[in-house]
Amino acid sequence: MSRDFSRIRSSEEYHEAMRASIQDPARFWEAQAERFTWMAKWEKVLSHDFERPEVKWFLGGKLNITENCLDRHLGERGNKLALIWEPNDPKERYLRLTYRELYEQVCRYANVLKRNGIRKGDRVAIYMPMIPELMVAVLACARIGAIHSVVFCGFSAQSLADRINDAEAVAVLCSDGMFRGAKEMPVKTVVDDALGQCSTVKRVIVTERVQWSVNMVAGRDVWLHDELEHVDADCPAERMDAEDPLFILYTSGSTGKPKGVVHTCGGYMVYTDYSFRNVFQVEESDVFFCTADVGWITGHSYMVYGPTLAGATQVMFEGVPTYPDAGRFWQIVDKHAVNIFYTAPTAIRSLMAHGIDHVLPYSLHSLKVLGTVGEPINEEAWHWYKSHIGKNRCPIVDTWWQTETGGILISSLAGVTDEKPSHAAYPLPGVQPVLLTPDGKEITENEVEGMLCMKFPWPSILRTTWGDHERCRQTYFSNYKGYYFTGDGAKRDAQGRYRIIGRVDDVINVSGHRFGTAEIESAINAAKGVVESAVVGFPHDIKGQGIYAYVVTEEPVVDAEAMRGNIIEAVSAGIGRIAKPDRIQFVSGLPKTRSGKIMRRILRKVAENELDKLGDTSTLLDPTVVEEIKAGRI
Ligand code: PRX
């Protein structure tokens, strides 16, 4: 039998796996898929056409992902810890769930969903803080074949409503409220506000967390703890086709409202498990801690699914890195003897800014592997992480991927392939990145820069954007015919290592979170007295990119602070506080071409304080506006 490369342990094996995956991708991925429990085996491994686009993996295969995350482990790992949940307040008791306990909780929650009329194929919105019930709720949806759409709890009622309506969700799973650092915040009331605009939702299932009295609408809202009284822990896993949707996750693009990226059951399962085990080089006894929120793709792939598929033990943290102080992550690492720690560069930069005194009290000796995700990591932060957290003995994996890719595509494999600061480095075997010139020619040599594309599908590539396949085609498959376009620019060094430069479209990456400039502008334009606006990113020490907004108002601004407050309120209501502009400059007009297009290049240069690099402004309708913008820079 050929090698299955299920665990790549050396640089030679990496190269061997890479070769095998390119020579015969179907065979390579089939070997990975054979690790799982299938209710019926696939008839064909792959069919794909990047132009339509249509990609299918493990065609005809039947499975349930939760059977692989849970039931499959009950024999050997039934008593192994699946989840260690660390609450926001370190004084509150932490919670531990074995695989058997997690299995039972998921089955019971799944029965609650069924009892409440939720069926296979229904969309279910989940709006919950980082409590164990969130993980359980997501898996419970997958258990019965309902398509989950998790919405990050920092999004506003309007954003939640938009996502519920786009997916025509029939139910919302939420909590009463949430703890976040020193604050207690509402959750259920945000859901109530959103539901004022949603007609498809028939049921709201509320988990008690903060014990607030909340408004329960008769006939629509139920408490989880009441419902659990009526169900047992036996819930057979629904038989799903490999290509049935598993979930929708909304993400921002350069145009319009966020789109619902759709991932399917079979390919996503195979890839998240494969990438999790190989990138982090996870051993059976390891404790993994990913600090992401389940509301983002990282939480989906490397909390809910990857670690449970691999039968790993993981820590889930409810709170924030700076509460009760900036040593919280390190305190958790020591407390639960974490071996693998995965976080975002923005968190590293912010903790770095709080100073080393918050790290020194902790030994961190359990750590073996460190990871980063979500945005480029600058060298200074990389070295701080390497020396102060990893004590110069832990490899760092800088993992590049996207909501659309479902799993990590470019990253070194911890301790197996070499690392280089600020470089995501090498593609995983089975992944075929290319750099293209702006006119779509493949650049084959090294020490080059280009548009990052993929020339062959991997199992967890997005299948569509919910309800709008044409948008999926246009966004990812039309710029460069026959390729998947990532939206990122990248460099490749002499050794073939990739370094991601950043987005080449109108997407801003704030603290590792994606926002479309158009989306923020439309939220700003909803503020009273605003005529129009233009938003660009600018380098920000902690967030990576900050949001710089140029705003044209109806009347000259008299009280700038009050007007800025209005605008921030409008963005908080339209999207959420996470998208509030860092800088707001009032201008009398925007630099537009004669055809009315905003010349963002000029606005970007001003925001970046590169005033001598504005380029040609002669094609502007009114070039004088540029002087005013330069002079008013904040
Ligand atoms: O620009 C890249 C950046 O984040 C984008 C994807 O954002 P999202 O779908 O929200 O997923 C984030 C978590 C996977 C990419 O297009 N990005 C992600 N990881 C890295 C990165 N940029 C540089 N280095 C990374 N490791």
Side-chain angles (χ1 to χ4, degrees), residues 150-152 154-155 247-254 258-263 268 271-272 275-276 279-280 290-303 305-306 342-349 370-379 381-382 385 396-412 419-428 431 433 451-454 460-462 465 475-476 479 484-492 497-516 519 537 539 543-545 578-579:
V150 184
V151 180
F152 173 60
F155 280 120
F247 67 85
I248 306 171
L249 185 59
Y250 285 83
T251 190
S252 298
S254 47
K259 49 193 174 291
V261 168
V262 175
H263 285 289
Y268 180 81
Y271 197 83
T272 49
S275 52
F276 173 69
V279 168
F280 299 105
C290 168
T291 70
D293 192 290
V294 170
W296 309 104
I297 191 69
T298 308
H300 281 61
S301 302
Y302 300 111
M303 294 188 74
Y305 291 111
Y342 190 33
T343 196
T346 186
I348 299 169
R349 287 191 298 264
L370 302 176
T372 68
V373 57
E375 44 169 331
I377 177 162
N378 49 309
E379 294 210 15
W382 193 95
Y385 198 31
I396 297 181
V397 290
D398 175 350
T399 65
W400 175 87
W401 56 298
Q402 309 178 292
T403 305
E404 295 85 343
T405 71
I408 298 164
L409 296 195
I410 304 182
S411 167
S412 47
E419 64 188 23
K420 183 175 173 186
S422 302
H423 286 66
Y426 302 106
L428 267 66
V431 175
M451 306 289 173
L452 182 63
C453 293
M454 299 292 151
S460 61
I461 184 173
L462 87 161
T465 44
T475 313
Y476 308 105
N479 299 51
Y484 164 80
F485 177 45
T486 64
D488 280 334
K491 290 183 177 182
R492 191 166 53 219
R497 284 177 295 224
Y498 287 87
R499 174 182 197 147
I500 311 302
I501 302 166
R503 305 288 306 190
V504 294
D505 53 8
D506 288 323
V507 168
I508 309 182
N509 190 329
V510 184
S511 303
H513 303 314
R514 266 161 78 171
F515 297 101
E519 189 188 353
K543 300 179 179 184
Q545 276 191 298
I578 40 174

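Heavy atoms only: backbone and side chains are in, while hydrogens, waters and symmetry mates are out. Just so you know, ligand 1 is whichever comes first in the structure, and atom 1 is the first atom listed for that ligand.
Not a single salt bridge (Lys or Arg N to Asp or Glu O under 4.0 Å) links K491 to another residue, sequence neighbours left out. For the salt bridge (Lys or Arg N to Asp or Glu O under 4.0 Å) test, residues two or more places apart in sequence or in another chain that qualify with R349 are E375. For R514, the salt bridge (Lys or Arg N to Asp or Glu O under 4.0 Å) criterion is met by E404, not counting sequence neighbours.
Two rings, from Y305 and H300, have their centers 6.0 Å or more apart.
Between Y268 and H263, the ring planes lie tilted relative to each other; the angle falls in the 30° to 60° range.
Every protein residue with a heavy atom nearer than 4.0 Å to ligand 1 is included here: I297, T298, V373, G374, E375, P376, D398, T399, W400, W401, Q402, T403, D488, I500, R503, N509, R514.
Residues Y342 and Y302 meet the side-chain proximity criterion, which asks for heavy atoms closer than 4.5 Å.
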